[in-house]
Peer 1: 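Handing you this structure, nothing more for now.
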Amino acid sequence: MKICCIGAGYVGGPTMAMIAHKCDDIQVTVVDINEKRIAAWNSDELPIFEPGLDDVVKHARGKNLFFTTEVDKGIREADIIFISVNTPTKTYGVGAGKAADLKYIELCARRIAEVAEDDKIVVEKSTLPVRTAESIRRILEGAGKSIKFQVLSNPEFLAEGTAVEDLEAPDRVLIGGEDSEAGDKAVQALVDVYAHWVPRERILTTNVWSSELSKLTANAFLAQRISSINAISELCEATGADVDQVAHAIGTDSRVGPKFLKSSVGFGGSCFQKDILNLVYLCEHFGLPEVAAYWEQVVHMNDHQKERFVKRIVRTLFNTVSGKKIAVLGFAFKKDTNDTRESPAIYVCRDLLREHAQVAIYDPKVNEESVLRDLEEVGTFEPDNGKRKHVSVYQDPYEAVKDAHAVVILTEWDEFRELDYQRIFDTMLKPAFIFDGRNILDLKELRKIGFEASGIGKP
Ligand code: NAD
Ligand code: UGA
């Protein structure tokens with residue numbers, strides 16, 4: 001059995017490494033057009049940071065796991081081809097700002113159609129609008145070859161930062177296939193791959209459309225929980241309730257459950273917003289405006305949470321941050337990843353810079369190049385305004401906070417809990433403010449030191 005995966009990103013890389021690690025009898029080749037990324041997958045410095053990933057890759061790489069830019073060869077030799085390329089929000093034309101941009105998916109389908117010489121199972125690993133499998137099938141069959149294609153949906157549910165544990169012991173694996181004999185056979189082939197290590201009862205099989213839609217729905221539900229608790233956090237601030245206490249009180253109800261109720265400066269990451277907007281677009285497309293508006297509110301609430309966080313900083317700092325050094329601790333969208341896509345930190349820093357603050361950033365895993373690129377992409381810098389004038393990126397948190405008016409926590413890195421806050425207080429300007437956008441610090445302890453400390457939804 002040979003597997004090829006097109007797309008060596010945050011999903012393709014770890015997912016295929018796990019399959020190779022668990023299935024000695026399967027040869028897995030991950031192909032990508034990005035030469036730099038492939039070179040990194042073949043080096044000691046993997047292109048993405050994920051706890052435990054190095055060991056999984058090293059165990060299989062060169063034995064039954066290969067990373068290469070030879071896309072056509074990978075496709076030609078494979079029995080099963082995963083498509084795991086990016087599906088960003090469209091930025092142009094019809095559906096701009098909401099619909100998924102499927103150009104990379106279509107390019108893959110066309111490539112497979114062109115170079116395949118025998119029957120293939122094509123698996124949608126990317127997150128896609130419901131009914132994309134139909135388009136893929138038509139493109140594959142459009143080549144007019146006598147070979148047979150089966151298109152399956154097998155969405156990925158891993159979260160960054162815990163990718164290896166999520167892949168090792170998934171809550172479930174979802175496989176959607178065509179309701180036919182050939183479809184059942186293809187589904188079974190993929191079930192057999194996962195059954196190498198995933199208990200059979202955790203491998204769910206559905207029709208293709210249910211599988212595609214389940215992925216968008218799963219992300220929408222998860223993000224909706226965060227927006228719901230964040231909405232309550234604002235009410236907590238107005239009333240003296242504590243959002244963590246409220247979350248605990250509701251989360252102990254087994255029907256609600258305790259997970260994903262951590263109030264924050266807002267959710268980030270490459271997928272929640274993109275996938276909800278995609279869901280909204282689909283609802284609009286199918287003439288369901290009330291359903292679309294319902295889900296869009298999850299994104300509005302998230303934007304509001306980020307905006308009101310910055311407004312609060314400005315208000316608290318005597319209504320101006322102009323010329324003031326604000327130390328930002330954390331730039332990744334969550335801990336244990338170097339990924340900054342849609343990180344709330346980008347928008348918080350942008351808005352602080354628009355208020356003419358001097359922003360000093362420290363993140364243990366995000367480098368200066370990424371920070372500046374992200375800030376540039378959201379239009380932070382005027383063309384004639386040298387970037388370095390207002391943003392500085394530090395390697396040491398204690399340097400970042402020196403002479404700052406305020407410290408702002410934007411990622412829940414464990415190391416931020418362990419910092420010496422007395423030392424930080426001593427080097428800051430007074431009054432020394434701290435805004436914990438992740439509710440990871442003990443505000444009472446900070447206040448004892450002398451900080452003017454605030455969290456999200458905290459009295
Ligand atoms: P990514 O941007 O990290 O990786 C995508 C890769 O595909 C890139 O390296 C790119 O060069 C490559 N690519 C694009 N077009 C190609 C082509 N025509 N031929 C060969 N390679 C090509 O993206 P990602 O985070 O891995 O996400 C991939 C998909 O998985 C998305 O649909 C996303 O919604 C979904 N997803 C992501 C996560 C996550 O945690 N990041 C989790 C679940 C699902
Ligand atoms: C999320 C889902 O959890 C995965 O199941 C899914 O596969 C993935 O999206 C995807 O499709 O890309 P991910 O974005 O990597 O995974 O990370 P999460 O742990 O879900 O966190 C997303 C954002 O929500 C982060 O910014 C995080 O800090 C924030 N968050 C999470 C909260 O603010 N509060 C919480 O209680 C949980």
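Read the numbers this way: they start at 1 and go in the same order the structure lists the ligands and their atoms. If you're wondering where the values come from, they're calculated on a predicted model, not measured in any experiment.
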Peer 1: Go through the side-chain N and O atoms of K274 and T87 and say whether any donor and acceptor fall under 3.5 Å apart.
Peer 2: yes
Peer 1: side-chain contact (heavy atoms from CB on, under 4.5 Å) with L190: which of T205, I203, L152?
Peer 2: L152
Peer 1: For atom 39 (C) of ligand 1, grab the closest protein heavy atom and report residue, atom and distance to one decimal in Å.
Peer 2: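 Scanning the protein heavy atoms, the shortest distance from atom 39 (C) of ligand 1 goes to E160 OE2, 3.4 Å.
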Peer 1: With nothing but distance in play, are any N or O atoms of K125 less than 3.5 Å from an N or O of ligand 1?
Peer 2: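 No.
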Peer 1: Which heavy atom of the protein is the closest neighbour of atom 18 (N) of ligand 1, given with residue, atom name and distance?
Peer 2: C108 SG, 3.8 Å
Peer 1: Counting each atom of ligand 1 from 1 as listed, which ones have a heavy atom of L158 under 4.0 Å away?
Peer 2: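 Atoms satisfying the 4.0 Å criterion: 40 (O), 42 (C).
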Peer 1: Any nitrogen or oxygen of D275, main chain or side chain, under 3.5 Å from a nitrogen or oxygen of ligand 1?
Peer 2: no
Peer 1: Regarding T340 and D374, do their side chains bring together a donor and an acceptor under 3.5 Å, going by distance alone?
Peer 2: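 Yes - a donor-acceptor pair under 3.5 Å links their side chains.
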Peer 1: Taking the six-membered ring for Trp and the single ring otherwise, decide whether the centroids of Y362 and W413 are under 6.0 Å apart.
Peer 2: no
Peer 1: Is it the case that ligand 1 has an N or O less than 3.5 angstrom from some N or O of N34?
Peer 2: no
Peer 1: Any sub-3.5 Å donor-acceptor pair from E284's side-chain atoms to A292's backbone N or O?
Peer 2: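 Such a contact is absent between E284 side chain and A292 backbone.
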Peer 1: What is the nearest protein non-hydrogen atom to atom 19 (N) of ligand 1, stated with its residue, atom name and distance?
Peer 2: I6 CG2, 3.6 Å
Peer 1: Is Q150 reaching over with its side chain to a backbone N or O of K120, donor-acceptor style, under 3.5 angstrom?
Peer 2: no
Peer 1: Note the single closest protein heavy atom to atom 14 (C) of ligand 1, along with its residue, its atom name and the distance in Å.
Peer 2: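 Checking every protein heavy atom, the shortest distance to atom 14 (C) of ligand 1 gives N86 OD1, 3.3 Å.
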Peer 1: Just jot down the side-chain contact (heavy atoms from CB on, under 4.5 Å) partners of R341, sequence neighbours excluded, or say none.
Peer 2: Y10, E160, S270, D339
Peer 1: Please list, in number order, the atoms of ligand 1 under 4.0 Å from a heavy atom of Y10.
Peer 2: 3 (O), 24 (P), 25 (O), 26 (O), 41 (N)
Peer 1: In the protein, what heavy atom is nearest to atom 17 (C) of ligand 1, and what distance, to one decimal place, separates them?
Peer 2: I33 CD1, 3.8 Å
Peer 1: Counting only N and O atoms by type, is there a donor-acceptor contact under 3.5 Å from the side chain of K306 to the main-chain atoms of V348?
Peer 2: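 Side chain of K306 to backbone of V348, a donor-acceptor pair under 3.5 Å: no, none is there.
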Peer 1: Go through ligand 1 atom by atom and flag the ones less than 4.0 Å from a non-hydrogen atom of G9.
Peer 2: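 This gives 1 (P), 3 (O), 4 (O), 26 (O) as the contact atoms.
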Peer 1: Nearest protein heavy-atom contact for atom 31 (C) of ligand 1: which residue, which atom, what distance?
Peer 2: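 For atom 31 (C) of ligand 1, the nearest protein heavy atom is T87 OG1, 3.5 Å.
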Peer 1: Which atoms of ligand 1 are found less than 4.0 Å from any heavy atom of K215?
Peer 2: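 Those of ligand 1 that fall under 4.0 Å from K215 are 43 (C).
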Peer 1: Verify the distance criterion only: is there a donor paired with an acceptor across the side chains of N230 and S233 at less than 3.5 Å?
Peer 2: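 The answer is no; no qualifying pair exists.
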Peer 1: Restricting to pairs with a member in residues 43-70, which pass salt bridge (charged side-chain N to carboxylate O under 4.0 Å, His left out), not counting sequence neighbours?
Peer 2: none
Peer 1: Is the number of heavy atoms from other residues, nucleotides or ligands within 6.0 Å of CD (E369) greater than 12?
Peer 2: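 Open.
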Peer 1: Of all the non-hydrogen atoms in the protein, which one sits nearest to atom 6 (C) of ligand 1, and at what distance?
Peer 2: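 Its nearest protein heavy-atom neighbour is D32 OD2, 3.5 Å.
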Peer 1: Under 3.5 Å between any N/O of Y104 and any N/O of ligand 1: does that happen in this structure?
Peer 2: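 For ligand 1, there is no N or O atom that lies under 3.5 Å from one belonging to Y104.
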Peer 1: Using a strict 4.0 Å cut-off to heavy atoms of S84, name the atoms of ligand 1 that fall inside it.
Peer 2: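 Those atoms are 5 (C), 28 (C).
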Peer 1: Polar-atom distance check: E156 versus ligand 1, any N or O pair below 3.5 Å?
Peer 2: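 By distance alone, the answer is no.
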Peer 1: If you measure from each non-hydrogen atom of S126 to ligand 1, which part falls under 4.0 Å: side chain, backbone, both or neither?
Peer 2: both
Peer 1: Hey, which residues fall under 4.0 Å of ligand 2 on heavy atoms?
Peer 2: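 Protein residues near ligand 2 are E156, F157, L158, A159, E160, K215, N219, L222, I226, F260, L261, K262, S264, F267, G268, C271, F272, F333, K334, R438.
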Peer 1: Mind checking side-chain contact (heavy atoms from CB on, under 4.5 Å) for E168 and listing every partner two or more places apart, or none if nothing turns up?
Peer 2: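 Checked E168 against side-chain contact (heavy atoms from CB on, under 4.5 Å); matches are M18, K22, V164.
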Peer 1: What protein heavy atom sits nearest atom 28 (C) of ligand 1, and how far off is it?
Peer 2: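 The closest heavy atom on the protein side is V85 O, 3.4 Å.
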Peer 1: Does ligand 1 have any atom that is closer than 4.0 Å to a heavy atom of K274?
Peer 2: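 Per 4.0 Å heavy-atom rule, K274 contacts ligand 1.
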Peer 1: Report yes or no: do Y347 and D303 form a side-chain donor-acceptor pair below 3.5 Å?
Peer 2: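 Side chains of Y347 and D303: no pair found under 3.5 Å.
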Peer 1: Counting only heavy atoms closer than 4.0 Å, does ligand 1 sit against the backbone of R341, its side chain, both, or neither?
Peer 2: side chain
Peer 1: Out of the candidates K145, R138, R137, only one should pair with E141 under the salt bridge (Lys or Arg N to Asp or Glu O under 4.0 Å) rule; please name it.
Peer 2: R137
Peer 1: I want to know if ligand 1 touches V11 in the polar sense, i.e. an N/O pair below 3.5 angstrom.
Peer 2: yes
Peer 1: Is it true that a side-chain atom of T132 and a backbone atom of P129 form a donor plus acceptor pair closer than 3.5 Å?
Peer 2: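 Yes: the side chain of T132 pairs with the backbone of P129.
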Peer 1: Please check: side-chain N/O of D119 versus main-chain N/O of I147, any donor-acceptor pairing under 3.5 Å?
Peer 2: no
Peer 1: Taking atom types as modelled, find out whether D32 and W41 have a side-chain donor-acceptor pair closer than 3.5 angstrom.
Peer 2: no
